[in-house]
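As structure tokens, the structure follows; a few thoughts come after it.
Quick note: residue numbers are just sequence positions, from 1.
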Amino acid sequence: MVVAPPHPEARQPAVADAPQPASPRPAAPSPTGSPSPAAPSDRARAAASRLADWFGVDADWERVPAGYKAYRRDLVLGAVFAAFAALSIQLGHSMGMFEGVDMPMWLVYLLGVASTVPLAWRRRYPLISLVLVYAAWFGLGLTIPTATMLLPMQIMYFVAMFTAVAWARDRRAMLIVVSACTLVMVGWVVWMFAVQQGIETILDEFPTPADWPGQLDPYLANAIYQVIMNLAFFGGAVAAGQAQWNAARRRELLAEQTVTIERQAAALTDQAVVTERVRIARELHDVVAHHVSVIGIQAAAARRVLDRDPGLAAEALATIERESREGVAQMRNLVGTLRSVPDGAAATGTDGGASRAPEPGLADLPALTAADHDGLDTTYRQVEEPPGAARDVPAPMGLSLYRTAQEAMANVRKHSTARSATVTLRVVRGPEALVDERFAHGFAEVEVLDDGRPRHGTSGSGLGQLGIRERVSTHRGVVEIGPRAIGGYRVRVRLPLPAPDEAATSARPGDPRPGGAAASVEPAARPEAAG
């Protein structure tokens, strides 16, 4: 039984009939004032927490290959490993390494080459590739143990483990799969080399301790050697893979911090510009007020002395002329200064003023889709019924559809694990399209689909989707935002088209693209613009 240290007040002699306290007193602090050492369980939890942070278990960042080029390189790598495996089996067969194999050599070639196939999808499905590679290793080890010792096979096992740690998106699942594969394969290697194949030879060569060449039992030394070598093999693959994952995350964080710093610097610049403009506006107000006041006083004086003293009236009129010229000159200088200040991040024209570029519209959707979206594979589709119907979409409606697609693509990049997205523009003219009376003259619709799921820790503020709904409400359209039953996420906005005569009058005169819409494209001949 553990007895707590006595309380300071209990140092006096105890009284026989003294009442007992209702609850135990708290333990007194240490006489030296130093905190008690941490319990072993606390140290273990702290170590486990640091290890989990190193493996990125709770990180909200996922490492995704940069498009289909990376997947094509994996296919090439798988083909190279298959050819290398076939060549090594041929060389081993020529050296007599497969003399004791009780199966035809074509089957040995087939099994050896087939075991390299999962590497072709190593970054697309890293954990599945790891499980398949090590399952093939286990099968070859039971049937053709010599094949597992070939150099390409050893390299392949290392690459599979390295890829699983470096590219797995679910870090908890990665730890479980990698740990299970490591334990199973280390146990199998120990049993294969230290028990099944080596024990008989060791016992025959060193039957008694007097025959041992060293201080340890040769059988035990062989088992320890196999364990150390395979732990170094698997541990090196895990350490290298995790180091690469951490380096990629640091690069991503540095890139995001760089963008944040640039945005903050731009915001500070804009704030300084606004402050300067306010100061110039105050000066412009003072200049106008001063000169207008002088002009008013001199005009009143000239009016009063015009009949009695034309000379004084002439002097007053000269003062009015001088003040008006000075006021106009000063106002021109101040207004020129205001025009020369750039509008933040907006593009500037040849005169140094603000950008005169038109608002984006449907014609800018292909460029928006084809832009760099942080490795996201994007596809753009356009459907028009009849051909050229997109030209009748009014400019405000085209701007709303463009902003909807822009916000949806931004949400896919920031808050989704998607690897691909599709932007579809549909413009249908005719009352037979829908039963809804709002779409009596057809509709213009933009739809953004992706194949991802929500990323943990990046829920966002919801203001972007609120802005989409507000834009749709101004056009009396319909909006659909939410997950799909087959997986992924959908953002679809459908806006009613006006009557054909109204659409024609809403187009800007002289604009070759009425309403800022996309040019007419034959649906059957239009290629998809893949990002």
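- No side-chain donor-acceptor contact under 3.5 Å links N411 to the backbone of A408.
- Counting heavy atoms from C-beta outward, L175 and R172 have side chains that stay 4.5 Å or more apart.
- Note: Y380 OH to T424 OG1 = 8.5 Å, rounded to the nearest 0.5 Å.
- Side-chain atoms of M409 and T378, non-hydrogen and from C-beta on, do get closer than 4.5 Å to each other.
- With hydrogens and angles ignored, the 3.5 Å screen pairs a side-chain donor or acceptor of D451 with a backbone N or O of S420.
- Once rounded to the nearest 0.5 Å, the distance linking NZ of K414 with CD of E256 reads 10.0 Å.
- Looking at heavy atoms from C-beta onward, Y71 lies in side-chain contact with R419 at the 4.5 angstrom threshold.
- Sparse packing is recorded around CZ of R263, with 12 or fewer heavy atoms of other residues, nucleotides or ligands lying under 6.0 Å away.
- Judged by distance alone, with hydrogens and angles left aside, the side-chain atoms of T148 form no donor-acceptor pair with the main-chain N or O of W137 at under 3.5 Å.
- A side chain to side chain contact (heavy atoms under 4.5 Å, CB included) with R63 is found for one member of Q244, E252, R123 and no other, namely Q244.
- To the nearest 0.5 Å, the span separating CG on L365 from CD on Q406 amounts to 10.0 Å.
- Remark: the backbone N or O of A85 is paired with a side-chain donor or acceptor of S88 at under 3.5 angstrom.
- Among all heavy-atom pairs drawn from S416 and G452, the shortest one is OG-CA, 3.7 Å.
- Closest approach of Q382 and A390 over heavy atoms only: NE2-CB, 4.3 Å.
- Here the CD atom belonging to E480 is positioned 12.5 Å from the CD1 atom belonging to I468, to the nearest 0.5 angstrom.
- With sequence neighbours left out, the side-chain hydrogen bond (donor to acceptor under 3.5 Å, both in side chains) criterion links N246 to Q242.
- Paired with E447 under the rule salt bridge (charged side-chain N to carboxylate O under 4.0 Å, His left out), one option of R494, R381, R490 passes, and it is R490.
- Side-chain atoms of R169 and P126, non-hydrogen and from C-beta on, do get closer than 4.5 Å to each other.
- Atom CG of L362 sits about 9.5 Å away from atom CE of M397, to the nearest 0.5 Å.
- Put simply, the side chain of M161 reaches to within 4.5 Å of the side chain of V178, judged on heavy atoms.
- Looking only at side-chain heavy atoms (C-beta outward), H475 and S400 come within less than 4.5 Å of each other.
- Between T379 and V423, every side-chain heavy-atom pair lies at or beyond the 4.5 Å cut-off.
- Taking OG1 of T258 as the start and CZ of R251 as the end, the distance is 13.5 Å to the nearest 0.5 Å.
- A cation-pi arrangement is found for R171 relative to W245, the charged atom lying closer than 6.0 Å to the ring centre and inside a 45° cone about the ring normal.
- Residues H441 and P498 form no side-chain contact, since every pair of their non-hydrogen atoms from C-beta on lies 4.5 Å or further apart.
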